[in-house]
Enquirer: 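This is the structure I have questions about; it appears just below.
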Amino acid sequence: MTPVHFSFTSAFMLGLMGLAFHRTHLLSALLCLEGMMLSLFIALALWAMQFESTIFSAAPMLLLAFSACEASAGLALLVATARTHGTDRLQNLNLLQC
């Protein structure tokens with residue numbers, strides 16, 4: 001395993017572990033998701049540059065576009081949650097209540 005591969009794998013795993021074990025606030029969950037998406041983007045971009053193929057050159061930009069859409073939807077949910085519930089703590093959210 002190369003050091004570059006190890007760093008991107010560890011960055012993804014740290015984001016995944018932060019998402020799994022540190023779920024107190026919605027903002028921290030969104031930041032963990034963004035860290036995971038950023039590590040995937042950089043790894044996919046380096047992978048496309050390594051193969052020097054034009055077929056894979058659009059994949060990192062597509063992933064970055066989906067990541068921006070995910071971030072905007074997450075921030076909209078964060079604002080809506082903060083307005084309705086007054087906090088972004090995930091323990092106070094109950095999906096069964098209206």
Side-chain angles (χ1 to χ4, degrees):
M1 180 181 289
T2 64
V4 174
H5 185 261
F6 176 73
S7 65
F8 293 128
T9 304
S10 62
F12 183 80
M13 292 305 291
L14 280 174
L16 186 64
M17 288 174 55
L19 185 63
F21 296 126
H22 188 65
R23 294 182 297 180
T24 56
H25 294 281
L26 183 59
L27 185 61
S28 65
L30 290 174
L31 284 174
C32 289
L33 281 174
E34 283 301 312
M36 290 169 55
M37 289 299 287
L38 193 61
S39 67
L40 282 177
F41 168 72
I42 295 172
L44 191 61
L46 287 178
W47 183 62
M49 284 175 47
Q50 182 181 8
F51 282 125
E52 297 176 355
S53 176
T54 59
I55 297 171
F56 299 117
S57 63
M61 288 298 133
L62 185 65
L63 183 69
L64 193 62
F66 283 134
S67 177
C69 293
E70 178 250 336
S72 65
L75 287 177
L77 285 173
L78 179 69
V79 169
T81 301
R83 285 184 180 172
T84 57
H85 296 292
T87 184
D88 69 333
R89 289 184 61 86
L90 292 176
Q91 294 173 348
N92 295 340
L93 300 177
N94 190 358
L95 296 177
L96 299 177
Q97 293 178 345
C98 291

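Note: hydrogens, waters and symmetry copies are ignored here, and every other heavy atom, side chains too, is used. Just so you know, these numbers come straight off a predicted model, no measurement behind them.
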Enquirer: Under the 4.5 Å side-chain heavy-atom rule for ILVMFWY, direct or indirect, which residues accompany M17?
Expert: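 Via sub-4.5 Å side-chain contacts, M17 links to F21.
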Enquirer: What residues join L14 in its hydrophobic cluster, counting side-chain heavy atom gaps under 4.5 Å, either direct or through other members?
Expert: none
Enquirer: Applying side-chain contact (heavy atoms from CB on, under 4.5 Å), can you list everything that pairs with S10, at least two apart in sequence or on another chain?
Expert: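 Applying side-chain contact (heavy atoms from CB on, under 4.5 Å) to S10 gives none.
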Enquirer: Residues sharing F66's hydrophobic cluster, by side-chain heavy-atom contacts under 4.5 Å among ILVMFWY, directly or via others?
Expert: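 Members besides F66, by chain and number: L62.
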Enquirer: Treating Ile, Leu, Val, Met, Phe, Trp and Tyr as nodes and any side-chain heavy-atom pair under 4.5 angstrom as an edge, say whether L75 and L77 lie in one connected cluster.
Expert: no
Enquirer: side-chain hydrogen bond (donor to acceptor under 3.5 Å, both in side chains) with H25: which residues, sequence neighbours excluded?
Expert: D88
Enquirer: Just jot down the ring pair (Phe, Tyr, Trp, His ring centres under 6.0 Å) partners of F51, sequence neighbours excluded, or say none.
Expert: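 Scan of F51 (ring pair (Phe, Tyr, Trp, His ring centres under 6.0 Å), adjacent residues dropped) gives W47.
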Enquirer: For V79, what residues pass the side-chain contact (heavy atoms from CB on, under 4.5 Å) criterion, not counting sequence neighbours?
Expert: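 Only R83 meet the side-chain contact (heavy atoms from CB on, under 4.5 Å) criterion with V79.
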Enquirer: Do the non-hydrogen side-chain atoms of L78 and T81 ever get within less than 4.5 Å of each other?
Expert: no
Enquirer: Taking side-chain contact (heavy atoms from CB on, under 4.5 Å) as the definition, give me every residue that meets it alongside M49, ordered by chain and number, with sequence neighbours left out.
Expert: none
Enquirer: Tell me, please, which residues at least two apart from T2 pass side-chain contact (heavy atoms from CB on, under 4.5 Å).
Expert: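 T2 satisfies side-chain contact (heavy atoms from CB on, under 4.5 Å) with V4, H5 once adjacent residues are dropped.
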Enquirer: Give the minimum heavy-atom separation between C32 and L19, together with the two atoms involved.
Expert: SG-N, 3.7 Å
Enquirer: Can you give me every donor-acceptor pair (side chain of residues 37-44, partner residue at least two apart or in another chain, under 3.5 Å) with its distance?
Expert:
{"unit_1": "S39", "atom_1": "OG", "unit_2": "G35", "atom_2": "O", "d": "3.4"}
{"unit_1": "S39", "atom_1": "OG", "unit_2": "M36", "atom_2": "O", "d": "2.8"}

Enquirer: Given the rule that I, L, V, M, F, W and Y join up when any side-chain heavy atoms are under 4.5 Å apart, are L46 and L64 in one cluster?
Expert: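 Linked, L46 and L64 end up in one cluster.
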